[in-house]
Enquirer: 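Sharing a structure, written as structure tokens. Questions coming.
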Amino acid sequence: MSTQSKTIPPKIIMVTGGACFIGSHVVRLLVNKYPGYHIVNLDALTYAGNMANLKDVGKAPNYTFEKGDITDEARIRELFEQYHFDAVIHLAAESHVDRSIMDPLAFVKTNVLGTAILLHAAHAAWKKDPAGKLFYHVSTDEVYGSLGKEGFFTEETPYDPRSPYSASKASSDHFVMAWYHTYGMPVILSNCSNNYGSNHFPEKLIPLMINNILHHKPLPVYGKGENVRDWLFVEDHARAIDTIFHHGKTGEKYNIGGFNEWKNIDIVNLLCGIMDKKLGRTPGESAQLITYVKDRPGHDLRYAIDATKLNKELGWKPSLQFEEGLEKTVDWYLANQDWVKAVTSGDYQNYYAEQYVKR
Ligand code: NAD
Ligand code: TYD
């Protein structure tokens, strides 16, 4: 099948996982920017999904929420029959590496089986008339594995996933391409680096550190804190998805990254400095909370994305410098403590004890 530009923008879009960190930013952008589209947000509302993330667009006339699980094949088929989707933007996933080490099969179920079920339903619905349809799969740079000190992940880098999370996402990417090659399904994939910003569940590095700094709790840095990630502001990721969705070529994949590599320990120190100022603490006070803890098993050393293709072909580039984005993020967490309290009660406490306290 040859690649082709999509010229007719789809109108009824299912966004899976729209209640999550990245998904909520994608839904907000689409609902506000395209009043002519109807956005149907399908989300199971696991611990990571939160209706409060979308309270500003919840009543918009072009937005509908459907609670449902992507592994429920009958439900997915019914939704395709009910809404006649023109497109799917698929974000629903189990996404935290540490949880994938504790409970790998949950990742296989949602990320692998769930993606295959969506593809199967989309193919059944679209096979007679695939024109103008699109299955957009949102994936991660972690599928490429771990870099040494040099080099970047390009779209041609062979997959080499090393955690149950990245293996499940790599598998889902392969299923998406299998549907493209075997059934001619119109698909696009993007693989993005680490995101940060508002509404980020505080199990991931940046929001966890912000929350712990605020509450004078130890800041658990894995290993020596030398691992490197490439950080992108979440709203820039949402803009990239919008760009690729509308202007990308079917059958192709696009890397999305921030050109913004940081060692974990440097980020933690940066956050400590920002928060000392904002909280009126003496310089260096929060950094005393830094605690080196046992390393993550199979901890990938370095991720770094080469996003040249997306920049050259579709004109996207990140909008924010990291320091500016981190300030905005810290401000959001300080102003939204009710949100943090709600998501860190209950199950979060059990997870935290299992991951950090009992080890
Ligand atoms: P998240 O963990 O914050 O949220 C996942 C969402 O999926 C939640 O709303 C949850 O309720 C929903 N969900 C989980 N299982 C489901 C199921 N079986 N059926 C329906 N909904 C279900 O996710 P995130 O970090 O915002 O990531 C979103 C997507 O982006 C994922 O596919 C992830 O792999 C990808 N991604 C994330 C990052 C990152 O830095 N967070 C980077 C690159 C790519
Ligand atoms: P994380 O936010 O979980 O994203 P990912 O593992 O998908 O890149 O972790 C980012 C980096 O921070 C990673 O190298 C692991 C490290 N880390 C810590 O040092 N301490 C923590 O408590 C967490 C959650 C992560």
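Counting starts at 1 for both ligands and their atoms, in listed order. Note that the coordinates shown come from a computational prediction; the quantities given were computed from them, not determined experimentally.
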Enquirer: At under 4.0 Å between heavy atoms, which part of Leu45 makes contact with ligand 1: side chain, backbone, both or neither?
Expert: backbone
Enquirer: Give a yes/no on ligand 1: does Gly114 have at least one heavy atom closer than 4.0 angstrom to it?
Expert: no
Enquirer: Numbering the atoms of ligand 1 from 1, which are under 4.0 Å from a heavy atom of Asn194?
Expert: 40 (O)
Enquirer: In ligand 2, which numbered atoms sit nearer than 4.0 Å to a non-hydrogen atom of His299?
Expert: 13 (C), 14 (O), 15 (C)
Enquirer: Who's the nearest protein heavy-atom neighbour of atom 3 (O) of ligand 2, and how far?
Expert: Arg296 NH2, 3.1 Å
Enquirer: If the plane angle is over 60° it's perpendicular, under 30° parallel, otherwise tilted; pick one for Tyr303 and Phe153.
Expert: tilted
Enquirer: Among side-chain atoms of Asn199 and Ser24, is any donor-acceptor pair under 3.5 angstrom?
Expert: no
Enquirer: Once you measure the plane-to-plane angle for Tyr348 and Tyr352, does it fall in the parallel (<30°), tilted (30-60°) or perpendicular (>60°) bin?
Expert: tilted
Enquirer: Measure the distances from the heavy atoms of Thr16 to every atom of ligand 1 and state whether one is below 4.0 angstrom.
Expert: no
Enquirer: Hey, does Tyr196 sit under 4.0 Å from ligand 1 if you only count heavy atoms?
Expert: no
Enquirer: Give me the residue, atom name and distance of the protein heavy atom closest to atom 4 (O) of ligand 2.
Expert: Asn194 ND2, 3.3 Å
Enquirer: Which of the numbered atoms in ligand 2 are under 4.0 angstrom from any heavy atom belonging to Val221?
Expert: 19 (O)
Enquirer: Tell me, which protein residue and heavy-atom name are nearest atom 19 (O) of ligand 2, and how many Å apart are they?
Expert: Tyr222 N, 2.9 Å
Enquirer: Looking only at distances, can you tell me whether any N or O atom of Leu205, backbone or side chain, sits closer than 3.5 Å to an N or O atom of ligand 2?
Expert: yes
Enquirer: How close does the nearest protein non-hydrogen atom get to atom 20 (N) of ligand 2, and which residue and atom is it?
Expert: Pro220 O, 2.7 Å
Enquirer: Say whether Ser24 and ligand 1 are in contact under the criterion: heavy-atom distance to a ligand atom below 4.0 Å.
Expert: no
Enquirer: State if Lys204 counts as touching ligand 1 under the rule of any non-hydrogen atom under 4.0 Å.
Expert: yes
Enquirer: Can Gly68 be said to touch ligand 1, with heavy atoms closer than 4.0 Å?
Expert: yes
Enquirer: Considering non-hydrogen atoms of the protein only, which is the closest contact for atom 22 (O) of ligand 2, and what is the distance?
Expert: Tyr356 OH, 2.6 Å
Enquirer: Check Glu203 against ligand 2 and report side chain, backbone, both or neither, counting heavy atoms closer than 4.0 Å.
Expert: backbone
Enquirer: Mind running side-chain hydrogen bond (donor to acceptor under 3.5 Å, both in side chains) on Asp98 and Tyr222 for me, showing each step along the way?
Expert: CA-CA 11 Å; Asp98 294 321; Tyr222 297 164; 2.7 Å; yes
